[in-house]
Student: 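Right, I'll just put the structure down here and ask away after.
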Amino acid sequence: MKALVVYGSRYGTAAEIAREIADVIENEGNEVDLKDVRAIKKFDVSPYDLIVVGSGIKMGKWTKGSLKFLKDNKSQLANKKVALFVSCGAANEEKSRDEGWENYLKKVATENLEREPVELGLFGSVYDPNAKHGLMYKLTNRFYKKELEKQGIDTTKRHDYRDWDEIRAWANNLAHS
Ligand SMILES: Cc1cc2nc3c(=O)[nH]c(=O)nc-3n(C[C@H](O)[C@H](O)[C@H](O)COP(=O)(O)O)c2cc1C
């Protein structure tokens, strides 16, 4: 099988997930291309059997690039196996996961795909008190800091809420789809 993994990532979190997904699919004996959506313009998806498209979420939104990729390739993707994933804060907590599934995955799939995706993946984010990503990031981090403090979590430390076993299992499943 030949697979394409395309991602849009503002702060690098979804990019690392995409790399892990690509590695797993490749290690299972498939040919894989991994692309940052910002580095591609017109892209020929015809050689691929499986296309994984992912994005980080900011203010409820996918990256423009990942969404554009889905829209630009809508008719071609109708004949392919397609999987979508997101990395978002909503995945980190049980109480917000359903909302994440609905708004960032199911809705995006319904609006942008002509065929049911083979998989949807809702993956967590990283809390990093020392990351330097500009004002919006800083303000959002301040909000997350308060939430984590309410839960008694040490906010002086970095916390990776991505479940790498879950991500690898998800990718492994795709590799054999
Ligand atoms: C400015 C900003 C806005 C965010 N908005 C949301 C949001 O609306 N919903 C959510 O679940 N997570 C939100 N997050 C958390 C991100 O989705 C999370 O950090 C994700 O891992 C970012 O992926 P990326 O690093 O690939 O861009 C936000 C983070 C930042 C910094």
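Remember, it's 1-based here, ligands and their atoms both numbered in the order they're listed.
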Student: Of the protein's non-hydrogen atoms, which lies at the shortest distance from atom 20 (C) of ligand 1, and what is that distance?
Tutor: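 The protein heavy atom lying closest is Ser87 O, 3.4 Å.
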
Student: Do side-chain atoms of Trp62 reach the backbone of Gly54 as a donor and acceptor pair under 3.5 angstrom?
Tutor: no

Student: Counting distance only, does the side-chain N/O of Asn30 pair as donor-acceptor with the main-chain N or O of Ile25 below 3.5 Å?
Tutor: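 Side chain of Asn30 to backbone of Ile25, a donor-acceptor pair under 3.5 Å: yes, one is there.
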
Student: Answer side chain, backbone, both or neither: which part of Thr140 comes under 4.0 Å from ligand 1, heavy atoms only.
Tutor: side chain

Student: Touching ligand 1 at all, Tyr144? Heavy atoms, strictly under 4.0 Å?
Tutor: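 Yes, that is the case, since the closest heavy atom of the residue is under 4.0 Å from the ligand.
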
Student: Can you check whether Val126's main-chain N or O pairs, donor with acceptor, with Asp160's side chain at less than 3.5 Å?
Tutor: no

Student: Look at the side chain of Lys35 and the backbone N and O of Ile40, then say whether any donor-acceptor pair between them is shorter than 3.5 Å.
Tutor: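 Side chain of Lys35 to backbone of Ile40: no pair is present.
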
Student: Check Tyr7 against Ser66 and note the closest heavy-atom contact, atom names and distance.
Tutor: C-OG, 3.8 Å

Student: Within the structure, does Val126 bring an N/O atom to less than 3.5 angstrom of an N/O atom in ligand 1?
Tutor: no

Student: Consider every N or O of Gly60 and every N or O of ligand 1, then say whether any pair is closer than 3.5 Å.
Tutor: yes

Student: Select one of side chain, backbone, both or neither to describe which atoms of Trp62 lie under 4.0 Å from any atom of ligand 1, heavy atoms only.
Tutor: neither

Student: Evaluating non-hydrogen atoms only, which member of Phe123, Tyr137, Tyr104 is closest to atom 31 (C) of ligand 1?
Tutor: Tyr137

Student: Would you please determine whether Gly100 falls within less than 4.0 Å of ligand 1 on a heavy-atom basis?
Tutor: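 It does not, in that no heavy atom of Gly100 comes within the 4.0 Å cut-off of ligand 1.
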
Student: Could you find the nearest protein heavy atom to atom 18 (C) of ligand 1 and give me its residue, atom name and distance?
Tutor: Ser125 CB, 3.4 Å

